[in-house]
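I have placed the structure first, in the form of structure tokens, so that the comments after it can refer back to it.
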Amino acid sequence: MTTLPKPRQPLLRTALPGPKTAEIMARDQQHLSTSYMRPYPFVPDHGEGVWLTDVDGNTMLDFFAGIAVSTTGHAHPHVVKAVGEQMTRFTHVCLTDYPQEITTSLAERLVAHIERPGEKWRVFFGNSGAEAVEAAVKLARNHTGRTHIISTLGSFHGRTYGAITLTGSKTKYKRGFGPLLPNVSHVPYPNPFRPPLGSTSETCGQAVLDHIELLFQTVIPADEVAAFIIEPMQGEGGYIVPPADFLPQLRELCDRHGILLIFDEVQAGMGRTGKMFSFQHFDVQPDIVTLAKGIASGLPISAMLARESVMTWPVGSHGSTFGGNPVAAAAAHATLDLLEGVEKHPGCGESLMENAREVGTYILAELRKMQSDFPFLGDVRGEGLFIGLEFVGPDGSPDGKLRDRASLEVFRRGLLNLDCGEAVIRISPPLILTREEAATGLQIMREALAAL
Ligand SMILES: Cc1ncc(COP(=O)(O)O)c(C=O)c1O
């Protein structure tokens, strides 16, 4: 196979959608689930690094990484090699019944990033983020003997029954699907840009904590609450970073009431924010952590990590046929090699985590500069390559229509992007994005915003 020269700019050979794209999209509409969304006319054919080429030969710069999944970009040689080698050894045996060195060592590597001195953690492997969340909630109930779970508004935890119940971002995920899981409540997320409960950006964390205590006095007996689940940085809800003191104080509140603290790191975890887990930007340690998306560069695997003292469910009480399958585990090892810097990626410094931090800081600074030219960019926020761009109307309210137009203008110029929240574009590229490639994406964004 010939290696194509690495493109430095998007290359649009046809009008979008091209003829093959249009033809496949028409077939897709005929045969696939009516629930799938199709925000843009794009049908991938192959990818290399941060570039994806569609079936008509149009090459786009990928600023969304399949929703924060393609950590090492597309077809990374180190990942391809690891997957290929494992495929030639064995593809499946079933981790629920037999140990496999590749998953044992993966668990050892994951807990090494979380364990503090004197702590021991264990890992349960699944296939998707929702499965990791289900496992976390089942474990929390089983361990505590309590039933109630508290989640946050704006959250997204997945599409299975437990996970949609916990999700607090949009009613469309729940409409027509009830009855859902009983004993689940939602409290506001401390969003400094849109502070809830009449608070300010400085006081929003305390306001949410006070609100929880109020619920404990009035409607939810605290001693019936098994767990509080929260995204330490909220993804689907708008790429929101909470105030620095909020999570440590939430930890204290949970400890006071014997409640387990679950951090859902499915979207913000695995190096994306410049640290392995987004909660590590704050001085806080949870009881349970859920991981998926970026863990294996696109192969399906998820993990639920819990303190040993919490993972007390009995033998046979939980399992999965495919969970922790060895091919996905091989991809996860290769992804970790690059994240940790055991394997170097050219042009990305010592590790992909470091690269995410540096390139993310650069993008954030450049986008903040753009705010003076484009007053409708109400907020630019994030950490590392987990960046949200909120569009506002003249009165400061979220402007989802403007965001949709902006997102399409950006796409038309060859930059793949994705919305989130009410009026936010998320920037979640592969962590191999170089500064030069970031500059290309920023230039496209500037042109698209100027065209609005
Ligand atoms: C924070 C978070 N948790 C859970 C999920 C569900 O993951 P999956 O779609 O793999 O089930 C998502 C997906 O977007 C997510 O962002």
Side-chain angles (χ1 to χ4, degrees), residues 66 69-72 74-115 120-140 142-143 157-163 262 264-266 269-271 276-277 288-308 310-340 342-343:
V69 167
S70 312
T71 305
T72 59
H74 301 285
H76 195 289
H78 187 60
V79 178
V80 171
K81 183 163 171 277
V83 166
E85 280 174 7
Q86 183 56 40
M87 283 294 287
T88 63
R89 298 180 64 214
F90 68 101
T91 311
H92 174 79
V93 170
C94 190
L95 182 64
T96 305
D97 296 316
Y98 297 102
Q100 298 158 23
E101 201 285 330
I102 198 158
T103 29
T104 306
S105 51
L106 180 59
E108 287 164 350
R109 284 182 87 171
L110 289 173
V111 298
H113 284 281
I114 216 167
E115 281 175 350
K120 186 165 171 348
W121 285 62
R122 288 178 177 273
V123 184
F124 172 85
F125 286 108
N127 303 283
S128 66
E131 278 181 51
V133 167
E134 295 290 337
V137 169
K138 283 179 72 176
L139 178 66
N142 189 274
H143 174 72
H157 297 291
R159 312 274 192 158
T160 50
Y161 265 99
I262 304 172
D264 184 345
E265 288 275 348
V266 166
M270 301 314 297
M276 188 55 85
F277 307 121
I288 299 176
V289 171
T290 54
L291 303 173
K293 289 199 189 282
I295 191 170
S297 297
L299 272 88
I301 185 168
S302 65
M304 185 273 287
L305 283 60
R307 292 175 191 263
E308 184 173 57
V310 169
M311 203 178 277
T312 51
W313 49 15
V315 173
S317 59
H318 197 55
S320 163
T321 298
F322 292 120
N325 95 78
V327 179
H333 271 292
T335 304
L336 276 171
D337 289 345
L338 285 147
L339 280 173
E340 294 167 349
V342 174
E343 176 80 20

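In this text, all values refer to a predicted model and were calculated from it rather than measured experimentally.
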### Message
Among residues at least two apart in sequence or on other chains, which ones pass side-chain hydrogen bond (donor to acceptor under 3.5 Å, both in side chains) with His333?
### Response
Ser105, Arg109

### Task
Could you list the residues that satisfy side chain to side chain contact (heavy atoms under 4.5 Å, CB included) with Thr88, not counting sequence neighbours?
none

### Summary
When rounded to the nearest 0.5 Å, the distance separating OG1 of Thr335 from CE of Met270 is 7.5 Å

### Task
Return yes when atom OH of Tyr161 has more than 12 non-hydrogen atoms of other residues, nucleotides or ligands closer than 6.0 Å, and no otherwise.
yes

### Message
If I take atom CH2 from residue Trp313 and atom CG from residue Asn142, how far apart are they, to the nearest 0.5 angstrom?
### Response
7.5 Å

### Query
In terms of side-chain geometry, is the basic nitrogen of Lys81 or Glu85 positioned less than 4.0 Å from the acidic oxygen of its partner?
yes

#### Entry: Residue pairs passing the ring-ring contact (aromatic ring centres under 6.0 Å, His included) test where at least one lies in residues 93-115, sequence neighbours excluded
none

### Task
Search all heavy atoms of Val310 against all heavy atoms of His143 and return the closest pair with its distance.
O-ND1, 3.3 Å

### Summary
For Asn325 and Thr91 the tightest heavy-atom approach is OD1-O, 3.8 Å

### Task
Check each of Leu336, Ile295, Val123, Val111 against Leu106 using the side-chain contact (heavy atoms from CB on, under 4.5 Å) test, and report the only one that passes.
Leu336

### Query
For Glu308, what residues pass the side-chain hydrogen bond (donor to acceptor under 3.5 Å, both in side chains) criterion, not counting sequence neighbours?
Arg122

### Task
Could you label the plane-to-plane angle of the Phe124 and His318 rings as parallel, tilted or perpendicular, counting under 30° as parallel and over 60° as perpendicular?
tilted

### Query
Minimum heavy-atom separation for Glu131 to Ser320, with atom names?
OE1-OG, 4.1 Å

### Message
Minimum heavy-atom separation for Gly158 and Ala130, please, with both atom names.
### Response
CA-CB, 4.0 Å

### Task
Indicate the atoms forming the closest heavy-atom contact of Gly323 with Leu95, along with that distance.
O-CB, 3.7 Å

### Task
Find out whether Trp121 and Val289 are in side-chain contact, i.e. whether some heavy atom of one side chain is under 4.5 Å from a heavy atom of the other.
yes

### Atom of Ala132, atom of Leu291 and distance for their closest heavy-atom approach
CB-O, 4.0 Å

### Task
Walk me through it: do Leu110 and Met276 pass the test side-chain contact (heavy atoms from CB on, under 4.5 Å)?
CA-CA 10 Å; Leu110 289 173; Met276 188 55 85; over 6 Å; no

### Message
Just to verify, what does Glu343 make a side chain to side chain contact (heavy atoms under 4.5 Å, CB included) with, not counting sequence neighbours?
### Response
His78, Asp337, Leu338

#### Entry: Distance (rounded to the nearest 0.5 Å) between Thr71 OG1 and Lys293 NZ
11.0 Å

### Query
Below 4.5 Å, heavy atoms only, C-beta onward: do Val83 and Leu299 meet side chain to side chain?
yes

#### Entry: side-chain hydrogen bond (donor to acceptor under 3.5 Å, both in side chains) contacts touching residues 298-307 (sequence neighbours left out)
Glu119-Arg307, Asp287-Arg307

### Query
Within a strict 4.5 Å, meaning less than it, do heavy atoms of the Phe125 and Met304 side chains meet?
no

### Message
So, taking the atom named OG in Ser128 and the one named CD in Glu134, what distance separates them when rounded to the nearest 0.5 Å?
### Response
8.5 Å

